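Here's the structure we're looking at; comments come further down.
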Amino acid sequence: MDFIRKQLEELGMSEPSIGYLSNVIMVVWIALISIIANYIAKRLVLKTVHRIVSHNRFKWGHIVVQKQLFQRLSHLVPAVIIYYTAYIFPAYQALIEKAAMTYMIVIMITVLNALLNVFDDIYRTYEVSKIRPIKSYIQVAKIVLFIIGGIIVISSLIGQNPLIILSGLGALSAVLMLIFKDSILGLVAGVQLSSNDMVRVGDWIEMPKYNADGDVIDITLNTVKVMNFDKTITMIPSYALISDSFRNWRGMQVSGGRRIKRSIFIDISSIRFCNEEMVADFEKIHYLSEYITSKLKEIEAYNTEHQVNRESNVNGRQLTNIGVFREYIHQYLRHHPKINKDMTMIVRQLAPEDRGLPLEIYAFSNDTNWGVYENVQADIFDHIFAVAPTFGLRAFQNPTGHDIVQLKETREKEYVSEY
């Protein structure tokens, strides 16, 4: 500073101008040194660290680089330079030192936060993490870190001992918890919701306890706003999403497939063995021609090997119309353009009921849009109901008033014809 002042005096400048200009030059000079030091720290030191990590056989090195741990540390270099050059400006020394120290504390908090993330990611690389996760402990450590860091920052700015602030907060903690109970619960819930990625704006969630079934349109400190499909709005307390259970349909939307799980009830009295005429008709069906051919060869080989008496259909193996129908539905789904072929696809029989034999279709559409999904599901079952009589099967239906009237008229006609 003295050297700069002497040079300016030799130029014949006035004393006020010399003081102002010398301060500006020193500020610019310190800024340049800080920028150069930061550049050296980032370019040389970080490159060296990255080179060492890239040649390290342990996976944790790449995690450290990914979390930018050393890059955050490099921001300390200019802050240290500014802190130790504050004496050049006696009038502002205390203010500059406080600002630099506060900045270094904030940087250290972010570094420790990144370090906790590194520990969590490294721990996740081990199989024991699936049995004993430590994410909840990491979250608690982060909360403590931010609270202590905030107290230290405040104490640094006001020039007081952090213990004094802690003792004051301890006396007010009971009152604060009582007054801001909902806000504190909402804050804790918000941290858990965001850190665990439990719900986002735009997610479709379902929470019957609060009559919520729709899309999340807003998440605040205390509430989560849900627009139901009937366009009503439901407000759910944030902490309720932590304490109670709810269903988030985001997984379905992200997966690219929406489940179809519906049954058709077959009248059991319409199930029978296939005769030669039925088999011939089934061979003409495009989706069944190869199946019928291969199945007939398999059955013939089995019956011949075991010398089955063909005079009774009970003996040996036979095709049934319900079995062929089940295979037809499966092949129909496999060739359907709106069915996701990479997901589970099953056509199965469930336990018989008083309504008949349930034949369940379990598959996934390749479009998760609600309207498209319902149309796909309806088209599939339209076809199944229409094609069932081709296989000699009847869909079960409880008698209606029309059926009873028809039965009554039929009996009256039979009675008249007899007499």
Side-chain angles (χ1 to χ4, degrees), residues 1-9 13 15-50 52-53 63-119 138-139 141-170 172 187 191:
M1 177 69 79
D2 294 336
F3 174 77
I4 296 174
R5 292 180 68 89
K6 287 180 181 179
Q7 295 298 321
L8 295 176
E9 288 176 358
M13 298 183 66
E15 185 63 26
S17 299
I18 291 174
Y20 176 76
L21 192 56
S22 61
N23 287 334
V24 171
I25 292 173
M26 285 305 300
V27 169
V28 173
W29 178 247
I30 293 172
L32 286 174
I33 294 175
S34 301
I35 292 172
I36 293 171
N38 190 27
Y39 178 83
I40 293 172
K42 283 187 175 180
R43 295 295 178 183
L44 297 182
V45 178
L46 289 181
K47 278 188 177 180
T48 304
V49 172
H50 290 183
I52 295 173
V53 166
I63 296 174
V64 171
V65 173
Q66 184 181 4
K67 296 300 180 181
Q68 300 180 345
L69 183 62
F70 291 102
Q71 187 173 356
R72 297 174 190 272
L73 276 172
S74 66
H75 293 295
L76 287 174
V77 177
V80 172
I81 293 173
I82 294 172
Y83 181 83
Y84 284 103
T85 56
Y87 71 92
I88 298 175
F89 310 98
Y92 305 100
Q93 181 178 356
L95 180 61
I96 294 173
E97 288 180 349
K98 282 185 179 181
M101 182 58 69
T102 302
Y103 180 75
M104 286 190 285
I105 294 171
V106 172
I107 292 299
M108 287 306 301
I109 292 173
T110 60
V111 169
L112 292 175
N113 181 61
L115 188 61
L116 290 173
N117 291 331
V118 169
F119 286 153
I138 296 290
Q139 291 174 349
K142 285 184 178 181
I143 292 172
V144 174
L145 171 65
F146 288 125
I147 292 174
I148 295 176
I151 292 172
I152 294 174
V153 168
I154 294 172
S155 64
S156 175
L157 291 174
I158 65 177
Q160 294 292 335
N161 192 323
L163 296 177
I164 298 176
I165 300 176
L166 285 173
S167 61
L169 289 176
L172 292 175
L187 177 61
V191 171

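Owing to the predicted nature of the structure, the values given are computational and were not obtained by experimental measurement. Only this structure's heavy atoms are used, side chains among them; waters, hydrogens and symmetry mates stay out.
- By the side-chain contact (heavy atoms from CB on, under 4.5 Å) test, Ala100 is found to be paired with Ile82, Tyr83, residues two or more places apart in sequence or in another chain being considered.
- The distance from atom OG1 of Thr102 to atom CD1 of Ile154, rounded to the nearest 0.5 Å, is 10.5 Å.
- In this structure Leu145 satisfies the side-chain contact (heavy atoms from CB on, under 4.5 Å) test together with Ile109, Leu112, Asn113, Leu116, sequence neighbours excluded.
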